[in-house]
Amino acid sequence: MPQRAIGEKTSSSMCVRSWMDPVAGANDVLFSDDIRQMYDRVDRSQMFKALRGEELFQPCVPVYSVFYSSPSPIYFNCADGELSIEIISAAAATDGEGGADDGEDDERDIVDGDSFATVMRKVIRSAQGGQQGCVLATNGCCLPYHLSLCHTQRQFRAAEILCQADDTYMRHPRRVNVGGTEQTAADAFERLQTNRLEDCGCVSNDAKIKAICPAGGVDGIPAAILEQQEGEIQGVKVVGTFVAPDTDAGRLYEQNQLCKTFVSRFKVLDEVDQLRDTDKDPDVSQLFYKLLRTRNGTPYYWMRTHLPDAIVPVLNTVVLPRLRTSFEILARANGTPTEELDRAWEEVQLSVAKGGSNIGGQPTSPTRASSPPSSPSGHHYVTGQPTRATPLLAAAHRPSCNRRYSPTSTNTTIPSATAASSSGASTAPVPSMSTLGWSTTTTLGTTSVRPPAR
């Protein structure tokens with residue numbers, strides 16, 4: 001059955017990262033797929049079919065029927081009534097040119113010269129997908145897709161599939177013999193799309209489909225995808241993070257994408273830097289400080305999902321200099337000697353309990369880096385030199401990317417999905433990112449049908 005990430009979105013990125021091993025995945029093709037407006041387009045008949053077919057959800061059918069058994073009115077403004085448009089009805093008039101009435105509505109907008117016809121108002125109602133804000137919508141839309149993925153994996157036993165809502169990731173050998181029949185990665189991905197259309201009524205957003213071979217090259221990638229992504233790519237985006245093979249090109253891809261992300265997200269500080277006290281707001285500095293601390297928390301998600309040698313250089317060259325610029329503006333530090341500014345910046349990076357402001361990061365020794373903070377509010381950027389590690393597991397049981405963790409870290413291995421599947425369903429700990437200053441230990445559901453002999 002397809003893998004489902006349990007807990008935070010970080011679990012998905014960690015699982016896909018384990019698939020990117022250039023050695024273990026030397027014969028694999030990895031696909032990243034995004035569904036076009038999934039929550040708006042799921043076929044409701046398929047939704048109810050899935051609910052009735054699963055014993056766990058059968059008691060929910062009456063509740064779903066209240067909201068989704070018939071087309072739902074759409075209101076933009078309650079005072080204007082439900083959404084509707086005016087059209088020309090030919091039921092009581094000719095087409096204005098002597099033609100006979102065919103009994104069908106001429107559905108077009110009202111224009112000058114249409115006074116001869118009967119104007120009618122036609123309501124527009126929702127007949128597909130879930131309603132925005134409805135607590136039933138996510139389960140109702142994801143359940144038929146999950147069953148569709150199970151259908152695909154029964155047909156392609158060598159495939160491994162992970163899904164986060166409508167974001168889907170699949171890896172499959174380029175070519176594999178199953179029961180005397182050759183199956184290819186391209187065939188598996190095409191079947192996934194076909195099954196989804198039949199089982200859910202949804203299609204892919206073609207502009208967002210990506211395919212990559214962890215070992216490099218483009219062998220096994222469908223020509224249409226290759227053309228759309230303009231040749232070989234070095235990595236893929238996974239629920240907001242960037243995942244690439246453990247190669248120089250892969251790390252460069254992650255760093256470049258992280259730089260673009262942080263430059264964009266910290267651009268808001270350009271406006272914050274313009275805030276000044278006024279007669280009506282004499283204490284804008286407090287607002288400035290709060291906004292600065294809020295933006296300071298932006299990198300934490302990427303720090304949990306990227307390895308140190310990808311994220312640390314970006315923190316040092318993009319994030320910290322930008323935060324320091326805003327801090328100096330807030331402190332009105334014009335003309336202050338550089339030595340005093342450096343000392344003030346070091347103090348600001350300390351936790352509030354130590355007299356600092358918990359903004360930015362501080363260069364930290366390996367011993368300090370391996371100690372998690374006492375609370376989320378005490379998170380710091382740990383920006384010491386990234387080091388490569390001597391792995392803790394035997395070479396036969398680890399993907400090559402494990403060597404990218406600090407030798408002082410504990411629990412620093414990412415069990416491969418293949419190894420985890422050899423005993424059926426199991427849970428594998430996500431590695432602690434202790435090199436970055438704290439530890440996270442969510443788990444992944446790694447049930448897989450891939451033969452352990454791969």
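Just so it is clear, the model here is predicted, and its values are computed rather than measured.
A donor-acceptor pair under 3.5 Å links the side-chain atoms of Ser18 to the main chain of Cys15, judged by distance alone. Checked by atom type and distance alone, the side chain of Thr181 never pairs as donor or acceptor with a backbone atom of Asn177 at under 3.5 Å. Looking only at distances, a side-chain donor or acceptor of Tyr68 sits under 3.5 Å from a matching main-chain atom of Gln131. Although no hydrogens or angles enter the test, the distance criterion places a donor-acceptor pair under 3.5 Å between the side chain of Glu232 and the main chain of Gly217. No donor-acceptor distance shorter than 3.5 angstrom exists from the side chain of Arg293 to the backbone of Ile359, with no hydrogens or angles considered. Judged purely by atom type and a 3.5 angstrom limit, Ser264 has no side-chain atom pairing as donor or acceptor with the backbone of Lys260. A donor-acceptor pair is defined here as one N or O able to donate and one able to accept, closer than 3.5 Å; such a pair exists between the side chain of Asn296 and the backbone of Gly360. With Arg174 contributing its side chain and Ala26 its backbone, the two residues share a donor-acceptor pair below 3.5 Å.
In this structure, the side chains of Cys202 and Tyr39 stay at 4.5 Å or more apart for every pair of heavy atoms. Using a 4.5 Å heavy-atom cutoff, the side chains of Cys163 and His146 are not in contact. In this structure, the side chains of Val319 and Leu323 come closer than 4.5 Å at one or more pairs of heavy atoms. Contact check for Phe189 versus Thr184: no side-chain heavy atoms found under the 4.5 Å cut-off. Residues Arg17 and Leu307 form a side-chain contact, since some pair of their non-hydrogen atoms from C-beta on lies under 4.5 Å apart. Using a 4.5 Å heavy-atom threshold, the side chains of Val178 and Val176 count as touching. The closest side-chain heavy-atom distance from His151 to Asp199 is below 4.5 Å. Pro144 is listed as a side-chain neighbour of Val42, based on a closest heavy-atom distance under 4.5 Å.
Atom CD of Glu254 is separated from atom CG of Asp309 by 8.0 Å, given to the nearest 0.5 angstrom. Here the OG atom belonging to Ser32 is positioned 10.0 Å from the CD atom belonging to Gln229, to the nearest 0.5 angstrom. Residue Gln155 holds its CD atom at 10.0 Å from CG of Leu192, rounded to the nearest 0.5 Å. In this structure, the separation between SG on Cys142 and CG on Asp166 is 7.5 Å, given to the nearest 0.5 Å. To the nearest 0.5 angstrom, Thr317 atom OG1 is 8.0 Å from Gln255 atom CD. Leu315 CG to Ile311 CD1: the interatomic distance, rounded to the nearest 0.5 Å, is 4.5 Å.
With sequence neighbours excluded, no residue forms a salt bridge (Lys or Arg N to Asp or Glu O under 4.0 Å) with Arg265. By the salt bridge (Lys or Arg N to Asp or Glu O under 4.0 Å) test, Arg36 is found to be paired with no residue, residues two or more places apart in sequence or in another chain being considered. Shown here are the salt bridge (Lys or Arg N to Asp or Glu O under 4.0 Å) partners of Glu82, two or more places apart in sequence or in another chain: Arg125. Evaluation of the salt bridge (Lys or Arg N to Asp or Glu O under 4.0 Å) rule for Arg191 yields no partner, not counting sequence neighbours.
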Does the side-chain hydrogen bond (donor to acceptor under 3.5 Å, both in side chains) test come out yes or no for Ser148 and Asn195, once each step is laid out?
CA-CA 6 Å; Ser148 178; Asn195 288 343; 5.4 Å; no
So Val268 and Arg295, side-chain contact (heavy atoms from CB on, under 4.5 Å) or not? Walk me through it.
CA-CA 9 Å; Val268 68; Arg295 185 52 57 184; 3.5 Å; yes
Report the C-alpha separation of His306 and Thr241 in whole Å, then their side-chain angles, then the decisive distance to 0.1 Å, and conclude whether the side-chain contact (heavy atoms from CB on, under 4.5 Å) test is met.
CA-CA 8 Å; His306 285 83; Thr241 65; 3.6 Å; yes
Give the intermediate values and the outcome of side-chain contact (heavy atoms from CB on, under 4.5 Å) for residues Ser12 and Leu162.
CA-CA 7 Å; Ser12 295; Leu162 183 139; 3.7 Å; yes
With side-chain hydrogen bond (donor to acceptor under 3.5 Å, both in side chains) as the test, would you mind laying out the steps for Arg44 and Ser70 before giving the verdict?
CA-CA 9 Å; Arg44 289 185 186 174; Ser70 60; over 6 Å; no
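The aromatic ring centres of Tyr169 and Trp19 sit 6.0 Å or more apart.
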Could you pull out every donor-acceptor pair under 3.5 Å between side chains of residues 50-62 and any protein atom, sequence neighbours left out?
| from | atom 1 | to | atom 2 | distance (Å) |
| --- | --- | --- | --- | --- |
| Gln58 | NE2 | Arg52 | O | 2.8 |

Name each donor-acceptor pair under 3.5 Å that joins a side chain in residues 203-213 to protein atoms two or more places apart or in another chain, with its distance.
| from | atom 1 | to | atom 2 | distance (Å) |
| --- | --- | --- | --- | --- |
| Ser204 | OG | Asp33 | OD1 | 3.0 |
| Ser204 | OG | Asp33 | OD2 | 3.1 |
| Ser204 | OG | Gln193 | NE2 | 3.0 |
| Ser204 | OG | Arg196 | NH2 | 2.3 |
| Asn205 | OD1 | Ala207 | N | 3.4 |

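The existence of a salt bridge linking Arg175 and Glu182 is excluded, since no basic side-chain nitrogen approaches an acidic carboxylate oxygen closer than 4.0 Å. Comment: Asp246 engages Arg251 in a salt bridge, judged by a side-chain N to carboxylate O separation of less than 4.0 angstrom.
Across all their heavy atoms, Leu30 and Val236 have their closest contact at CD2-CG2, 4.4 Å. When every heavy atom of Val239 is checked against every heavy atom of Tyr301, the shortest pair comes out as O-OH, 2.7 Å. Shortest non-hydrogen contact noted between Asp273 and Ser326 is OD1-OG, 2.8 Å.
Counted by atom type alone, Tyr145 and Thr168 present one or more donor-acceptor pairs between their side chains at under 3.5 Å.
Between Phe242 and Tyr253, the two ring planes are perpendicular [angle over 60°; tilted spans 30° to 60°].
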